[in-house]
Amino acid sequence: MQSLEFQEEITVFADVIIPVAIPNLYTYRVPREYATSICVGARVIVQFGKTKVVTAVVAKLHNKPPEKYQAKYVLELLDDAPLVTPQQIDLFHWISEYYMCTVGEVLNVALPSGLKISSLSKVQFNPEFSYPDLLTEREREIIEELKKHQSLNYDELARFAEVKNVYHIIKSLIQKKAVIVFEEVREKYSPKILKKVRLTSFYEDESYLKILLGELEKKPQQLDVLLHYLRYVPVLRSPELNNKGLEKSALTKAEVSDSAIKTLVKNGILEQFEVVVSRFEEDLDFVEAPTPTLSSSQEKAFSEIMNSFQEKDTTLLHGITGSGKTEVYIKLIEQVLESGSQVLYLLPEIALTTQIVVRLRKVFGDKMGIYHSRFSDNERVEVWKGVVSGKFSFVIGVRSAVFLPFDNLGLIIVDEEHETSYKQFDPAPRYHARDVAVVIAHRQKAKVLLGSATPSIESFYNAQTNRYGFVEMTERFGSTQLPDIELIDVKVARKQKMVKGDFSDLMLDRVRLNLEKKEQTIFFQNRRGYSPYIQCEDCDTIASCNNCDVSLTYHYNGQELRCHYCGHHEPMPRTCQACGSVKLRTRGYGTEKIEEELQILFPSAKIARMDLDTTRTKTAFQTLINEVESGGVDMLVGTQMVAKGLDFEKVSLVCVFDADRMIHFPDFRSAERAFQLLTQVAGRAGRRGTQGKVLIQTNNPSQKILKQIIENDYVGLYKDEIKEREDFQYPPFTRLIQITVKHIDQPIAEKAAEELANKLAEKLSKQRVLGPEKPLVERIRNQFLFEVMIKLEKTLNLKAAKAFIAEEVMNLRLSKDFKGISVVVDVDCG
DNA sequence: AGCACGCCGACT
DNA sequence: GTCGGCGTGCTC
């Protein structure tokens, strides 16, 4: 045991993670005042570089002063208990190593931005300055501007001075002591505060209250307020309700006099107070619903899962669409929560907005936190802090919810585990939430349940080879039949002139029938906009993006051409940019055009469209869903959004265009994806009682995969796929790492990619390194792309291989021959 | 990734 | 000379 005196002599140093794309930790010196309260996982504010003040997280505490430099001081300590658990810090390191990025990048996406602190350097006029003669004309202007404001930041000054780099001027002003520069640091997160009033406790006594009411006889406004209050709060019957008070807004809404409230407060009859409330409490007037009773097949699945968890850490639940997986989840969650452990329930973003949240809230109430990107950052902070404090033992959330500070997980459910949105593409870390979930569960000795109607080939393989447990649900809940899927050969229909626009007559007949029956129809076209390209009839030129190597999509809404890669948009031209001809034609079908043509064909029908363009905001999305649910819409046209997680009662027909494009997409996962998407969209038809109908238009009805979709033959698809994967050495037999090399100059990009591929092949062997190849889109945002693909078999020492790859990538980035190159590494891509 | 710092050419 | 552009290297 060290003596206290001795301990005090030791300086504490903190190695911190800075949330930016820089490798390594940085060492700061901890001021004595924080030396005992600082802990691993606490946030600190530090000066990083000459200008920036950032929030960082303590990863390590020690007493070794750095040898080569003088450590700067920690400026401020934000938490006296870990906001990030030490386990998470380990996990962040693991993720950064596995996905080949920096820990800073991991921290940056892990922490909601409300927990990072913003810093702005502010410039203020120095009131003690008294040598105006020293200033240049421009400097004098700036000083005058500064005098008008309290202070301005660099950006604002630059705008005023109309120069790009205002730094020189400010530097000169600082030297002349004309201005003061200071840092403004503030916490972005602000808790929600509710203003409340209550009767002072004196009047909780009946006799005093009566006297008061008598006294107020002649003050009708005040009496009105008081009577309103008493109507809401039965003060005499339950003083504890008075203690909780009433929201001030409830009184003002009741149109009582505002000034009367003030007078009552002034006279000590009412008192005002504030409470900090959770942002979720407001929708807490939920009706507690009992746990649903399980059907016999659900009960069976539940006990099989429990059994499977005895032996296996991860279990795959393959339950066909509509088999009622949610009820099984609910029972599992309840069980784990009762045992005192935490539960994380992951869902793809699109599925989270809908009915399921309402349903779970009814069962779990305020134990449940919701972590969603459509929510404000304040709400995310609330959930994060709620997990730390123990308020939320159960969180339902999207991909990034795997970063929440759980320390005692019992179960992670990954619903729709095959969904690609679990994989983050940009920016780094390019992690897969399902795979990270498995790692977290392993570290916390928790169980993982992967649920899907169409499991990913990888997960099903893991189940087949006994790495995962496996449970099946083959019965549809309420014994609804699976939809009847019919293929329409559009090639034949075209020959027989039985196609109008993109609609075969067969399809139109069905749609008409459905409209007459007042049942709803969904149209699935996985392309937004009006037409994917426009073409000149005279010279055949297709309008393309200036910055990317893609055609521009015509959007009727807004009358503009848009690039779906870089976001560039321009007004719809009247003439061809190549030859000046006015004969511009829209080509191909997007959701907007489908919608338009349907409206012409069925003028009386109410038609809605659901795609990225119509659901930009949280409310727009919900409004659309409500409209469809209430039956106010006859036809819904949409992209894959309509396929995912939405349960509409009255949909009895689903029409699919262009299935072929999905099936033949050049990617080794295209068959799997097509099966998943088409099965999901088909599942939207006929939820309860009746059998739904699905029509798929295709140029080639004899494709095997279409037969598998019709027969819901997942195992058949799996067998075909797994063989292909083995033959061509794709996952799950190998791990893929994709490296994308980008440069404004195509030959440089190509040369760099070639050099990299050669270096990698030298050590990893030629079989393991493919490319470089031009990707489907050669140029994005004026950068030419080349891709190198690395296939590593699972038996290989992955860690060593990655370390080598990382080294080569770093060499390339720093290479003097390839200045301006950027290299993106994507582990487990796709 | 920013961003300061330094070197270099253009212009008052 | 001063101003702005661009390339380079560092951040505890």
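None of the values given here were measured: they were computed from a predicted structure. Every chain is numbered from 1 and lettered A, B, ... according to where its sequence line falls, protein lines coming before strand lines.
Atom CZ in A:Phe48 sits about 14 Å away from atom C1' in B:dA4, given to the nearest Å. Distance CG (A:Leu107) to C1' (B:dA1): 15 Å, rounded to an integer number of Å. The separation between A:Arg813 atom CZ and C:dC10 atom P is 18 Å, rounded to whole Å. To the nearest angstrom, P of B:dG2 lies 9 Å from CD1 of A:Ile22. For A:Leu25 and C:dT11, the CG to P distance is 15 Å, given to the nearest whole Å. Taking atom CD on A:Gln47 and atom P on B:dC3, their separation rounds to 13 Å, with Å as the unit. The interatomic distance linking A:Tyr26 (OH) with C:dT11 (C1') rounds to 5 Å, in whole Å. One interatomic measurement links the two molecules: CG of A:Asp15 to C1' of C:dC12, which rounds to 9 Å at whole-angstrom precision.
Considering only side-chain N and O atoms, A:Lys50 lies under 4.0 angstrom from the phosphate OP1 or OP2 of B:dC5. Listed pair A:Tyr28 / C:dC12 meets the phosphate criterion, a side-chain N or O lying under 4.0 Å from OP1 or OP2.
For A:Arg140, the salt bridge (Lys or Arg N to Asp or Glu O under 4.0 Å) criterion is met by A:Glu137, not counting sequence neighbours. Legend: residues meeting side-chain hydrogen bond (donor to acceptor under 3.5 Å, both in side chains) with A:Gln444, ordered by chain and number and at least two apart, are absent. For the side-chain hydrogen bond (donor to acceptor under 3.5 Å, both in side chains) test, residues two or more places apart in sequence or in another chain that qualify with A:Thr102 are A:Glu105. Residues passing the salt bridge (Lys or Arg N to Asp or Glu O under 4.0 Å) test with A:Glu560 are A:Arg562, sequence neighbours excluded. A:Thr734 is linked by a side-chain hydrogen bond (donor to acceptor under 3.5 Å, both in side chains) to nothing, counting only residues two or more places apart in sequence or in another chain.
For the pair A:Phe125 and A:Ile143, the minimum side-chain heavy-atom distance is below 4.5 Å.
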I'd like a table of donor-acceptor pairs (distance under 3.5 Å, sequence neighbours excluded) in which one partner is a side-chain atom from residues 821-829 of chain A, with atom names and distances.
| unit_1 | atom_1 | unit_2 | atom_2 | d |
| --- | --- | --- | --- | --- |
| A:Asp826 | OD1 | A:Lys423 | NZ | 2.7 |
| A:Asp828 | OD2 | A:Tyr98 | OH | 2.7 |

Report, one line per pair, each donor and acceptor closer than 3.5 Å where one atom sits in a side chain of residues 741-761 of chain A; sequence neighbours left out.
| unit_1 | atom_1 | unit_2 | atom_2 | d |
| --- | --- | --- | --- | --- |
| A:His743 | ND1 | A:Asp745 | N | 2.9 |
| A:His743 | NE2 | A:Lys819 | O | 2.8 |
| A:Asn758 | ND2 | A:Glu754 | O | 3.4 |

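In this model, no donor atom of one side chain and acceptor atom of the other lie less than 3.5 Å apart for A:His568 and A:Asn546.
Within residues 59-71 of chain A, the residues that place at least one heavy atom under 4.0 Å from DNA chain C are, in residue-number order, A:Tyr69, A:Ala71. Of the residues in residues 815-825 of chain A, those with a non-hydrogen atom less than 4.0 angstrom from any atom of DNA chain C are A:Lys819.
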